[in-house]
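I have placed the structure first, in the form of structure tokens, so that the comments after it can refer back to it.
Just so it is clear: chains get the letters A, B, ... in the order the sequence lines come, proteins before strands, and each one is counted from 1.
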Amino acid sequence: MKAIENWIQKTKPNFEKGGKYEKWLPIYESFETFLHVPGTVTTTGSHVRDAIDLKRALIIVIFALVPTLLYGMYNVGSLFYTSIGEDYTMMEAFGYGFIKVLPLIVVSYIVGLGIEFIFCYIRGHEISEGYLVSGLIIPLIVPVDIPLWELALAVAFAVIIGKEAFGGTGMNIVNPALLARAFLFFAYPGNMSGSSAWVHSVEGKATVDAFSGETILGQLNAGVAPDAIHGVANNQLSVCDLMIGNYAGCVGETSVIAILIGAALLLFTGIASYRIILSVFAGGFVMGLLMNVMAPETNYVMQLPAFQHLLIGGFAFGAVFMATDPVTAAQTNTGKWIYGFLVGVFAIMIRCFNPAYPEGMMLSILLMNVFAPLIDHMVVKANINRRLKRAKAAQETVTNA
Amino acid sequence: MSKTIKLRKGFDINMQGVAEHIFVQNPMPDSVALKPTDFVGLTAKLMVKEGDKVLAGDPLFINKLQPEVKFTSPVSGTVSAVTRGERRALLNITVTPDKETEYKKFDVADLNSMSREQVVSAMLEAGVWPFVKQRPYDVVANPNDKPKSIFVSAFDSAPLAPDYTFALEEYADDFQIGINALKKLTDGAVNLDIYKEGRAKTTFTNITGVEQNFFSGKHPVGNVGVQIHHIDPINKGDIVWVVNPQDVVIIGRLFSKGVFDARVVVALTGAVKSPRYYKTILGANIQSLLAQEQLGDNMRIISGNVLTGTKLGANDFIGYYDSQVTVIEEGNKPTFMGWLAPGFDKYSFSRAFFSWLSPKKKYTLNTNTNGGKRAFVFTGIYEDVLPMDIYPMQLIKAIMAEDVDKMEQLGIYEVVPEDLAICEFVCPSKIEMQSILRQGLNVMRKEFN
């Protein structure tokens, strides 16, 4: 620790104004502040500051993602061994999944952070920590077999067009991680849908007969009755199975239990807004009920019990980790309730009415990201009107008196 | 008719070093100074030069743009220094006090027989006028205005704030006279805002002739701006005046004795050996309070509280409006991977550190920023600590964009920097909300004056 401090003391002058590597200061500082919280003291305003900063807040989100990540890794391996009909232990499944998921994470971080560093060099800003979270979320919301070059392209698109073009962390309109996924979904649909995309496969290893790698929404759209949706090996899935999440889907989206552990951490620390999480679930549930009432006999997606809608198709993952992104969500507290509710409503609506895009959650959050500023505008407008009304009332009492 | 208002939002910072209820009778300090920098937007015109003899109540400087507003010496003695800073701006005018204070006599009669004009001119002449501050903008009141009401917050909820029910108990009579004088200044009400849970004593509940409003809640409930917002909000064009309780006493003494008697009680708090209440004089040299303390080098001395106070040099003077001096450690030591540590000793409004295990513990805070400056990312936490119907983040953004209409619509008239201090404290992006708001207020003031 002391050694690092000494090293920083020795090298820093090279990077400061007038030093040899002056232009690299933002990048140097990014690493410096990563290693230690510097001894910067307050100069204006409040002399003491809350211990929390962006690094701390976002590291909590990373911690919250760990359960889904670990379960996702296990699930990848487990589905693979099931698909080829081999027995496996828990550790084998996890180990296999770990090897398959790790490259996704590495690519996501290298490409994303690389671009961020280039931009902070150009702008002369210290790097913002926003991508630490996006970079881990992206591997969790893609199928495990996505080609790495496609992933790299999607990440580059999301970071450059989705974020840096608007001015970097805190300025973006839509959630960068979801934008990366939407990019893949529309640019490379072959790798993002169908029954073969979701489970890792190896050439030369035949899948067993009983195996189906279709997602639950895919099955429902293909005409499987909700009470007969099955997992990878044609076994019927109970609600309990849906909670545990041992079925086909994106890496991190399937296990509701793992997601709820993360949600508990986010809510307890106050990092994520409980208003958004609750209202997304409420919106989805209400819309699900409405769909049940309206459902024609053969539309199995609409017939799915409302609460089951909340357990599948990445709904829970989206509600907890993506809709809550404070930058792209509504920013006023009232706005958050409205925004979250509509995210839930649209997710189920898109899911039910548009069988070509079962990805209701992704599209719904992106849509509401775009509308969040409008919601905020209305909420703030109400505040402004209250103030005007008060002024007018005061004026009247004066003239009356 | 008294109102009781309970505020739910806010945040009390639990710091170590609250002043014990013990008075220390401090001897007359070696030097006393007035600092023009304590008055926002003031262009001072010097009225004395080095070596001049002054009485307590003789003007040291005046407001160049409004010469009737005088700033008078709190002591009698010799002007020993006039310190200037960049571009010859006046920093302070120092007076070396005599052993016995000689007061200049001012013409005051019984308040009942005095007209508003007479009261105003007596206050201006004696130099107690600058104690009256105006909202919006938080500047010294303009004597030609007539405010719609006057507010005195009889308690302070800031970290380690002095308990005025204790500090001012023995001056309750002068406080009452001061209130009577303020009543002459407005046709509206004089509001006295009292802490519901009470502090030690009933100093203020016996005060008559005022609207007594009772407040309970967490900081910033003691900020007069928050109280005004709930009792008699400031609309566009409204003017409300505010006075600190300690300063009401000094105004009262003018009308009871006819002199500018600026003895004050200052709470010495924070990382000091004996946090106590010191009886001293307005503008006293800070060393007169700290003589016994033997502070280390790495300490910051703050005139005021940790949220809104001013950093003082070792030989500096207590601020004009401050009733508190806080000492805290400088946080200039880096911590290795500090953002990853469990943080049992890290104080936070969020529960991102394990310090949530001990919510009752009192913390020793230092001046570390605990992170670098970023754009706004987290939302909603500012509203959680500000008990006003105002969107602080949106307001700050409007100021950054210099959108005058938006600032007005979002209620900039109702807030002053101290009201947003708690938002600045909790901000994870470390945005300097107080100085941004000050800039915004300056822009508005220019725009409309």
| request: First locate atom CG of A:Asn385, then atom CD of B:Gln409, and finally report the distance between them rounded to the nearest 0.5 Å. | output: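 If we round to the nearest 0.5 Å, A:Asn385:CG and B:Gln409:CD are 9.0 Å apart.
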
| query | For A:Thr42, which of B:Thr367, B:Asn370, B:Asn368 qualifies under side-chain contact (heavy atoms from CB on, under 4.5 Å)? | reply |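 Answer to the side-chain contact (heavy atoms from CB on, under 4.5 Å) test with A:Thr42 among B:Thr367, B:Asn370, B:Asn368: B:Thr367.
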
| Which atom names give the shortest non-hydrogen contact between B:Tyr347 and A:Asp50, and what distance separates them? |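 Distance-wise, the nearest heavy atoms are O-OD1, 3.6 Å.
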
Under 4.5 Å from any heavy atom of chain B, what part of [X] do you find: side chain, backbone, both or neither?
X: A:Ile59; answer: side chain
X: A:Thr328; answer: neither
X: A:Leu58; answer: side chain
X: A:Leu54; answer: both

Heavy-atom proximity to chain A below 4.5 Å, by part of [X]:
X: B:Glu414; answer: side chain
X: B:Ser350; answer: both
X: B:Lys333; answer: backbone
X: B:Met393; answer: side chain

| Check: B:Pro233 main-chain N/O paired with A:Arg390 side-chain donor or acceptor under 3.5 Å |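 Here the side-chain-to-backbone pair does not exist.
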
| task | Start with the C-alpha distance between B:Glu424 and A:Ser46, add both sets of side-chain angles, then the distance that settles side-chain hydrogen bond (donor to acceptor under 3.5 Å, both in side chains), and finish with yes or no. | result | CA-CA 7 Å; B:Glu424 184 175 81; A:Ser46 177; 4.6 Å; no

Donor-acceptor contacts under 3.5 Å from residues 271-278 of chain A side chains, at least two apart:
{"unit_1": "A:Ser273", "atom_1": "OG", "unit_2": "A:Arg275", "atom_2": "N", "d": "3.2"}
{"unit_1": "A:Ser273", "atom_1": "OG", "unit_2": "A:Ile276", "atom_2": "N", "d": "3.3"}
{"unit_1": "A:Arg275", "atom_1": "NH1", "unit_2": "A:Asn333", "atom_2": "OD1", "d": "3.4"}

